[in-house]
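Whatever order the structure lists them in is the order used to number ligands and atoms, beginning at 1. Numbers here simply count residues along the sequence, with the first being 1.
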Amino acid sequence: MSTVLDEIQAPAGAGRVITDPATGDEVGRVPIATTADLDAAIAAARAAQPSWAQLGDARRVDLLNAAADALQEHAEELAVLLSREQGKPLNGPNARFEVGACEAWLRASTAPDVSPQVLVDDGQIRAEIHYRPLGVVGAIGPWNWPMMISIWQIAPNLRMGNTVVVKPSEFTPLSVLALVSVLNTVLPPDVLIAVPGGRDVGEAMAAHPGIDKIMFTGSIPTGKAIIRSSADTVKRVTMELGGNDAGIVLDDADPAAIAQDLFWGAFINTGQTCAALKRLYVPDSLYDAVCEELTKVAAATPMGVGLSEENLLGPVQNRKQYDIVASLVEQAKDSGARVLLGGDPDPQAVGNFYPTTLVADIDNDNPLVAQEQFGPALPIIRYTNLQQAIAWANGLEVGLGASVWSPSPQRAREVAMQLNAGTVWVNEHGAIDPRVPFGGAKGSGYGVEFGREGLLECAQAVSVKGPAGSFA
Ligand code: NAD
């Protein structure tokens, strides 16, 4: 029986080999798309868009739910491919979780009411707002959560009557091609097309006159490049960019009770998560206890090859990112910071395994704190004055997420209201929800995804207005 991978990969001898970051083994061969392939995909998606829009919302919702059923049927196969290509283990908040999230987000995108609304009807004036399709949307994604982030870009656009051309990350294209292939067992032809190209294809997509909007998730420099490339065509853009999320523990927290959630807030997907906890601020009075409890959890969490069922942490997806993590930890060590755990990668190791690393007694301006590490290393910064900790948390040019940890609802709210980020979590971190809008503040980007607000960003708002009785 042929697998999804058989269907999507390039024939033997063709394409580009993708290797497993845990073992170096070949996962498959990705076809190499050019800008000419992109042009053809955009033309096909443009041709398909009017009839997709004319199907109507109810029929599109049915098809999206049927596509979610198809994902469920192929869930294990998709999770295994994702684990091999991205490196993330099958278990824990990793590969099976990601495929499950794709299904959940797809279904959730069908729930909000996006029908036209009457804004004014006062006997003199009638005004309505309608949400019409934009046309063809280009989706450009990263390598950390390749399937889930693609679904965040695909699902709301299909719901709103747009067709979508997806350009996956060059590090994880097979996962996205497989995802698209399964969705396309249900969707009409050319409503959703994947183009597995490199940055040249991404650049061409951002500048392309046949693309009406770009949904981008990735790094800040690339986001800026896309904004520039898209300017001449006045494209709509949603920018989900990098972050460097702070968490502040208040002095009434119970270190043993919060350690597990703090750990996974930081180390979900082995730290390769945009809205992971990347700087932890802990009051002097709890500092040693939080360090001790976190170290216990971290030391007990197995890291290894993704396909082994016992592992919960995996390799860093690519060598470039591994080197960034390693260099930041080395700089922290050189500055005199205290390594509680890890920080000593095995140079002989097969695969990009960087050990789970906790670094204490580190200054707020150390590069491991000030820069996004995007890997399995967490700096823990001591504070004596809460206002100082809040100022440090808000002190960077990014603001994707932030969190506050306290058993006191009033104190937690008071601090939460002072944190400048797109999402502020209380007693959790990174716990995204398809019903709750998610987006960045400051340099972390603009536009939101999820919920009704996220759907409306995939539509052209059209106001219809006239004297009362002039239209029905
Ligand atoms: P990246 O910016 O290097 O690449 C992302 C995508 O952009 C890839 O598909 C790449 O081919 C494409 N690309 C590269 N140059 C381009 C150009 N000039 N024009 C158009 N497309 C281009 O990001 P990455 O390394 O894959 O992802 C890691 C970064 O993404 C981290 O900074 C992380 O914080 C961020 N991220 C943010 C979110 C979020 O929701 N805010 C989610 C995940 C990751």
So which of [options] gets nearest to [atom], if we judge by its closest heavy atom?
atom	options	value
atom 5 (C) of ligand 1	G141, G242, S169	G141
atom 35 (C) of ligand 1	C274, P173, G218, G138	G218
atom 21 (N) of ligand 1	A204, G223, G202	G202

Practice problem: Decide yes or no for W145 and F97: does some side-chain heavy atom of the first lie under 4.5 Å from some side-chain heavy atom of the second? | Solution: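 They are in contact (side-chain heavy atoms under 4.5 Å apart), so the answer is yes.
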
[X] [atom1]: over 12 foreign heavy atoms closer than 6.0 Å:
X	atom1	result
E397	CD	no
D334	CG	yes
R413	CZ	no

Quiz item: When rounded to the nearest 0.5 angstrom, what distance separates CG in N157 from CG in N162?
Solution: 5.0 Å

Practice problem: Could you grab the distance from atom NZ of K278 to atom CG of L400, nearest 0.5 Å is fine? | Solution: 7.0 Å

Pick one of side chain, backbone, both or neither for how [X] approaches ligand 1, counting any non-hydrogen atom pair under 4.0 Å.
X	result
F171	neither
Q321	neither
I220	neither
E170	side chain
P168	backbone

Would you check if there is a donor-acceptor pair between the side chains of [Y] and [X] at a distance under 3.5 Å?
X	Y	value
S181	N184	no
T238	K213	yes
N364	Y383	no
W425	T423	no
S335	Q331	no

Could you tell me whether [X] and ligand 1 have an N or O pair separated by under 3.5 Å?
X	result
I140	no
W143	yes
S219	yes
W152	no
R199	yes
L241	yes

I need the atoms of ligand 1 closer than 4.0 Å to a non-hydrogen atom of [X], numbered in the order shown.
X	result
I149	42 (C), 43 (C)
E240	37 (C), 38 (C), 39 (C), 40 (O), 41 (N)
K167	9 (O), 10 (C), 11 (O)
F438	40 (O)
I226	19 (N), 20 (C), 21 (N)
L400	41 (N)

Practice problem: Look at the aromatic rings of W143 and F374 and report parallel, tilted or perpendicular, splitting at 30° and 60°. | Solution: perpendicular

Give me the residue, atom name and distance of the protein heavy atom closest to [atom].
atom	result
atom 31 (C) of ligand 1	E372 OE1, 3.6 Å
atom 27 (O) of ligand 1	P142 CB, 3.4 Å
atom 33 (C) of ligand 1	F374 CE1, 3.3 Å
atom 4 (O) of ligand 1	T222 OG1, 4.4 Å
atom 44 (C) of ligand 1	N144 ND2, 3.4 Å
atom 17 (C) of ligand 1	E203 CG, 3.6 Å

Exercise. Carefully, step by step, assess D212 and R46 under the rule salt bridge (Lys or Arg N to Asp or Glu O under 4.0 Å).
Key: CA-CA 10 Å; D212 299 286; R46 284 215 88 76; 3.1 Å; yes

Quiz item: For S175, which of E85, E98, Q86 qualifies under side chain to side chain donor-acceptor pair (under 3.5 Å)?
Solution: E85

Exercise. Would you please indicate yes or no on a ring centroid separation below 6.0 angstrom for Y322 and Y354?
Key: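 Yes; Y322 has its ring centre under 6.0 Å from that of Y354.
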
Practice problem: Check if W145 has a non-hydrogen atom at a distance under 4.0 Å from any atom of ligand 1. | Solution: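 Contact absent.
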
Quiz item: Ignoring hydrogens and geometry, is there a side-chain-to-backbone donor-acceptor pair from E457 to V448 under 3.5 Å?
Solution: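 A pair under 3.5 Å: yes.
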
